[in-house]
Amino acid sequence: MILVTGAGGQIGSDLVEALRERCGEDDVLATDLTSPGGEGPGEALDVTDRPGLRKLVERRGVETVYHLAGLLSAVGEKHPDRCWEVNVNGLRNVLELAQSHGLRVFWPSSIAVFGPYTPRRLTPQVTVEDPRTMYGITKVTGELLCDYYARKLGVDVRSLRLPGIISYTTPPGGGTTDYAVEMFYAALRDEAYTCFVRPETRLPMMYMPDTLRAILLLMDADAADLHVHSSYNITGLSFSAEELAAAIRERRPSFTVRYEPDFRQAIADTWPTQIDDSHARADWGWRPAYDLDAIVDDMLAKLGARLGANAKTSPSAPKTLVQP
Ligand code: SER
């Protein structure tokens, strides 16, 4: 059985579907603070509850965990205690069980591990990690835990430093890169968008199909080929907020954006603009497939179809606060 935590979130909802297509509906257990529902098996799970997690792993015969439950960067600044509790203690609970029960683990780290003293362009795999957010601090801590459990305790845990993810199934919940998704919702609803970072803000991003392919490629890789046990740098593409707005405007000429930076600008300013993923390319053959035009075309088509069917879906109303 494959366990997905945070399955109601942005990545979780799409990953559960991809895993079920691959392995069969009954072999993927979707969990979140409230049971995610849907077709296959689902349960409520709080990852900070170690005995509850252990019982579930034993009862369901879990062998692999995609541990996605966590608070993102902006919401983490508002709830720092909860951010530490879920992101660090939740991961440690999963790693402890992985060690005692021989589980394989995937866990997402983030570009948020970097900070103002990190080189911002072509950020190397091994470099300064001086995050200025509680979220970033939990991700650095998580990477150190993964490295420790892998090297010292022999746990098979694999990780990616994910950038901002663009997708149309479930909106992200409380990240600094959320504007890249919110712009599409506004454009498709013929609404003006107020962007919370400046137009020239350039951050690493990735389209969901590339993200899912990267996660599965990494998990399929031969353990002997993997030399990074903290978390792999990985890239999709980088663009500024205004470049994205312009690409959308080319297809929807009436789309307008006003820029009103808030506290998230200061977070974005400490993150890299583009990171070097040569280790991921060399160790497990990573290559992104989607450029900006391909993402914008696909998002407008797929999200447009979704919003046509369910106009009430809102990117600013995540289903759960703490497991986005
Ligand atoms: N997308 C995430 C965030 O903005 C980065 O890991 O918090």
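Quick note: residue numbers are just sequence positions, from 1. Whatever order the structure lists them in is the order used to number ligands and atoms, beginning at 1.
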Minimum-distance pair of heavy atoms, taken over all atoms of I165 and V181: O-CG2, 3.5 Å
Heavy-atom donor-acceptor pair, T176 side chain to S73 backbone, under 3.5 Å: no
Salt-bridge contact E260-R258 (side-chain N to carboxylate O under 4.0 Å): yes
Criterion ring pair (Phe, Tyr, Trp, His ring centres under 6.0 Å) against Y232, the qualifying member of F106, W286, W107, W284: W284
Side chain, backbone, both or neither: Y179 near ligand 1, heavy atoms under 4.0 Å: neither
Atom 7 (O) of ligand 1 - nearest protein heavy atom and its distance: S73 OG, 2.6 Å
Pairs flagged by salt bridge (charged side-chain N to carboxylate O under 4.0 Å, His left out) wherever residues 111-129 is involved - sequence neighbours left out: E129-R161
Which residue and heavy atom of the protein sit nearest atom 1 (N) of ligand 1, plus the separation: T177 OG1, 2.8 Å
W271-ligand 1 polar pair, N/O distance under 3.5 Å: no
Residue and atom name of the nearest protein heavy atom (relative to atom 6 (O) of ligand 1), distance in Å to one decimal: S110 OG, 2.5 Å
Residue that, paired with D220, satisfies salt bridge (Lys or Arg N to Asp or Glu O under 4.0 Å) out of R104, R213, R158, R22: R22
Residue portion contacting ligand 1 (non-hydrogen atoms closer than 4.0 Å) for A112: neither
Under 3.5 Å: N/O of T176 near N/O of ligand 1: yes
